[in-house]
2 protein chains.
Amino acid sequence: MRDVAKLAGVSHQTVSRVINEHPNVRAETRERVLAAMRSLNYRRNLAARTLATRESHTLGIIGFETTLFGPESMLYGIESAARAAGYLVSVATVRDLEHRPVLEAVDRLAQHDVDGIIAIAPKASVITALTHAPGGLACVAVGGAGPIASPHGGSTPEEPFPTVRVDNAAGARLATRHLLDLGHATVHHAAGPPDWPESQARVEGWRETLYAAGAVVPPVTSGWWDAAAGYEQGRRLAADHSVTAVFCSNDRIALGVLRALQEAGRRVPEDVSVVGFDDMPDSGFFLPPLTTVHQDFAELGRRALALLLRHMGRPGDAPPEDVVVAPSLVPRASSAPPRAGSALPGSAPPGPGSAPTRSS
Amino acid sequence: MRDVAKLAGVSHQTVSRVINEHPNVRAETRERVLAAMRSLNYRRNLAARTLATRESHTLGIIGFETTLFGPESMLYGIESAARAAGYLVSVATVRDLEHRPVLEAVDRLAQHDVDGIIAIAPKASVITALTHAPGGLACVAVGGAGPIASPHGGSTPEEPFPTVRVDNAAGARLATRHLLDLGHATVHHAAGPPDWPESQARVEGWRETLYAAGAVVPPVTSGWWDAAAGYEQGRRLAADHSVTAVFCSNDRIALGVLRALQEAGRRVPEDVSVVGFDDMPDSGFFLPPLTTVHQDFAELGRRALALLLRHMGRPGDAPPEDVVVAPSLVPRASSAPPRAGSALPGSAPPGPGSAPTRSS
DNA sequence: GAGCACGTTGAGAACGGTAACACTCACGAA
DNA sequence: TTCGTGAGTGTTACCGTTCTCAACGTGCTC
């Protein structure tokens with residue numbers, strides 16, 4: 001920078017002003033400085049800038065060390081939005097979402113002077129860890145179930161926290177409603193891990209919809225977010241011939257359920273309808289193509305970044321907003337009306353709103 | 001730091017020595033400084049350190065803005081290895097793998113003073129862009145096909161470049177050999193994008209194996225790495241009833257092929273055997289469970305980091321190593337011996353090594 | 001007892017920017 | 001004329017480290 005100043009015949013401060021687009025620089029001077037910068041191939045040193053301003057123009061992302069589709073996609077959404085806003089993102093992953101490892105990740109990011117943190121894949125424990133972040137460090141959680149206390153797990157954090165998330169309950173309602181509308185007496189549910197708020201919210205949306213329709217609410221089974229867990233759950237469901245419709249907490253679980261049903265000789269969608277959640281890129285190519293609930297992860301990432309920047313702007317504590325994105329249903333071949341009289345021993349009463357109209 | 005020095009009754013320089021574990025500090029002094037640090041809750045400022053040493057202890061990762069399974073997994077492998085080595089990773093993603101965007105990504109990382117760069121998902125164009133990185137910035141590519149020039153695309157970079165990769169050709173040989181050993185007269189191939197070295201190398205391994213076995217080498221079809229492309233290719237393959245075995249360039253392509261075959265009424269593995277590549281977490285739950293080639297992405301990430309650190313150690317140009325990891329075959333239900341006389345009009349000669357022995 | 005190597009410590013100058021403030025003009029209002 | 005004002009610029013301090021070099025014992029050799 002000193003060299004640039006010398007070459008342009010100005011002081012280093014003027015060079016700094018040009019770099020930072022300060023208005024009070026004569027156009028001619030600015031040009032001279034810019035020319036000098038070009039000819040010297042000058043590039044500002046961000047470390048020095050960080051030292052002086054205490055702003056690193058870097059954002060931290062806390063991720064979960066597992067290839068879950070959602071978190072992945074959000075990483076990209078966040079990164080590209082951050083790039084547009086002039087930030088670089090650094091990632092710190094944690095092996096499990098407990099208090100301790102998350103705190104360490106926050107610490108690591110804080111040490112590298114990140115200006116703010118976005119935590120992906122939050123369980124309640126992640127959020128409580130985040131509230132212990134060093135003062136002044138803006139944090140946002142993306143995913144999770146937001147401040148809506150779950151009626152089951154008592155572990156949801158008490159204090160509100162800035163969050164961006166998909167309306168999981170609404171998505172579950174969409175899926176359940178869809179199956180009910182097709183004429184199924186009731187809908188079974190293959191849930192995700194019981195201690196994940198997103199899973200809890202989906203259970204809730206499902207239960208609520210059945211209840212409102214006067215349908216029987218079958219017991220919930222749960223497991224990890226993968227196909228192996230879905231297979232496990234699917235085997236149990238396949239054994240029960242009263243099951244005609246299954247809503248799965250994500251597409252990977254649905255994949256496992258699909259396989260279990262097929263192994264048991266139950267055809268999809270003729271014997272059993274299956275609906276997933278996520279709309280992964282390939283779920284349209286499952287056998288059969290999977291009806292599912294679409295979430296726009298990229299949009300979620302963008303919103304998360306926007307929220308974080310808003311919070312960074314106001315250094316003190318601003319009201320913690322809760323941004324909610326609506327999911328949508330993607331009907332495909334894995335759901336269809338039940339065969340006449342397929343629910344054989346069905347202890348399920350024909351709920352009120354079960355007119356077999358095709359959902360759009 | 002000044003405060004710590006004052007409290008411990010030493011100079012700031014001595015504090016610095018304690019932090020950096022310089023040997024020539026009296027044990028008693030060190031203790032005093034450490035105590036002061038603890039009581040003041042002191043934390044070294046990395047920006048200042050970076051400014052003084054020109055080392056940021058941050059690594060850059062250039063990723064591809066798409067959820068491909070491999071790249072994702074490697075990100076985690078790299079991050080956790082980097083953490084262990086005391087580095088934080090920053091990611092810069094590119095929308096497409098062309099020269100220009102990659103250069104910009106390198107630039108952005110360089111501006112943030114990263115100590116080295118790992119590029120994931122390299123096409124040849126990425127590597128050539130990398131060779132133009134600012135001098136002294138260590139770069140490593142992970143994935144790709146390494147310095148082995150492909151016989152087809154003439155675009156492989158001339159100069160060798162430090163690379164970590166799976167032996168794609170060997171994986172393809174494994175898959176092809178497996179199908180041949182099951183008794184198939186020949187093996188068709190649903191390839192990935194023709195301009196990706198990894199895809200090229202798999203084509204090569206496949207072709208070579210067929211050739212060595214004296215089997216007919218059918219024409220290759222290719223497309224993107226996803227199920228949609230696999231479906232497209234699968235439709236064409238399903239129409240040809242002489243096809244009894246298909247090797248797919250990754251699991252997602254295989255998923256699409258599986259669906260196309262099923263739609264066409266061709267059963268897997270009874271009528272057609274299918275083998276994939278990658279061993280994604282859920283491919284054991286495809287219908288039927290997919291025989292595939294396993295690559296250890298986490299290991300790849302670790303190796304990439306190790307190679308990068310080695311290159312960072314030697315500032316000048318060190319011999320660009322090429323680390324190769326061996327893949328392995330995971331036999332599952334999607335591959336089986338052909339039905340007797342299933343390859344009806346087969347112009348394929350019964351190759352020499354085609355004894356129908358089950359591969360392990 | 002002088003000279004010397006070595007372990008231990010400190011003072012001051014980088015590192016490359018930004019912030020705060022002072023200064024010089026030109027211009028218009030009192 | 002005098003003063004205030006605001007644009008344009010330079011001076012100096014400061015951000016929190018590490019690096020260089022000098023200074024001070026201490027114990028050893030000659």
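Quick note on labels: first sequence line is chain A, next is B, and so on, each numbered from 1. Computed from a prediction, not measured in an experiment: that's the story for all the values here. Every heavy atom of this structure was used, including side-chain atoms; hydrogens, water molecules and symmetry mates were not.
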Separation between CZ of A:Arg54 and CG of B:Asn45, rounded to the nearest 0.5 Å: 6.5 Å
Which whole-number value in Å describes the distance from A:Leu46 CG to C:dG17 P? 9 Å
Is the side chain of B:Thr50 donor-acceptor paired with the backbone N or O of B:Leu46 at a distance under 3.5 Å, no angle test? yes
Show every ring pair (Phe, Tyr, Trp, His ring centres under 6.0 Å) that has at least one partner inside residues 3-54 of chain B, sequence neighbours left out. none
In whole angstroms, the gap separating P of C:dT8 from CZ of B:Arg32 amounts to 14 Å
Sugar-phosphate only, base, or nothing, as touched by B:Arg43 at under 4.0 Å among non-hydrogen atoms: sugar-phosphate
To the nearest angstrom, the CZ-C1' distance between A:Arg54 and C:dG17 comes to 14 Å
Any donor-acceptor N/O pair, B:Asp115 side chain to B:Ser56 backbone, under 3.5 Å: yes
If the condition is side chain to side chain donor-acceptor pair (under 3.5 Å), which residues does A:Asp96 pass it with, not counting sequence neighbours? none
Any luck finding a side-chain donor-acceptor pair between B:Glu72 and A:Tyr76 under 3.5 Å? yes
Taking atom types as modelled and ignoring hydrogens, do the side chains of A:Thr93 and B:Arg83 form a donor-acceptor contact shorter than 3.5 angstrom? yes
Please give the angle, rounded to 10 degrees, between the axes at the start and the end of the helix from C:dG1-D:dC30 to C:dA30-D:dT1, where five pairs define each axis. 60°
Between A:Ser16 and B:His22, which is nearer to the 5' end of DNA chain C once each is assigned its nearest nucleotide? B:His22
Is a donor from one side chain sitting under 3.5 angstrom from an acceptor on the other, for A:Thr58 and A:Ser90? no
Short heteroatom pairs, N/O only, protein and nucleotides 11-14 of chain C, under 3.5 Å:
none

Just N and O in the side chain of A:Arg2: are any of them under 4.0 Å from OP1 or OP2 of C:dG16? no
Quick one: list whatever passes salt bridge (charged side-chain N to carboxylate O under 4.0 Å, His left out) with A:Glu21, sequence neighbours left out. none
On DNA chain D, reading 5' to 3', which nucleotide is the first and which the last to sit with an atom under 4.0 Å from a heavy atom of chain A, could you check? D:dA7 to D:dG16
Which is true for A:Thr29 with a 4.0 Å heavy-atom rule: it touches a base, it touches only sugar-phosphate, or it touches nothing? sugar-phosphate
May I ask you to evaluate whether B:Arg30 reaches the phosphate of C:dT8, defined as a side-chain N or O under 4.0 Å from OP1 or OP2? no
Scanning both residues in full, the closest heavy-atom pair of B:Gly116 with B:Leu308 reads C-CD2, 4.0 Å
So, for A:His57 and B:His112, is the gap between ring centers shorter than 6.0 Å? no
Atom-pair distance (CD on A:Glu55; C1' on C:dT18), nearest Å: 11 Å
Would you say A:Asn45 places a side-chain N or O within less than 4.0 Å of OP1 or OP2 belonging to C:dG17? no
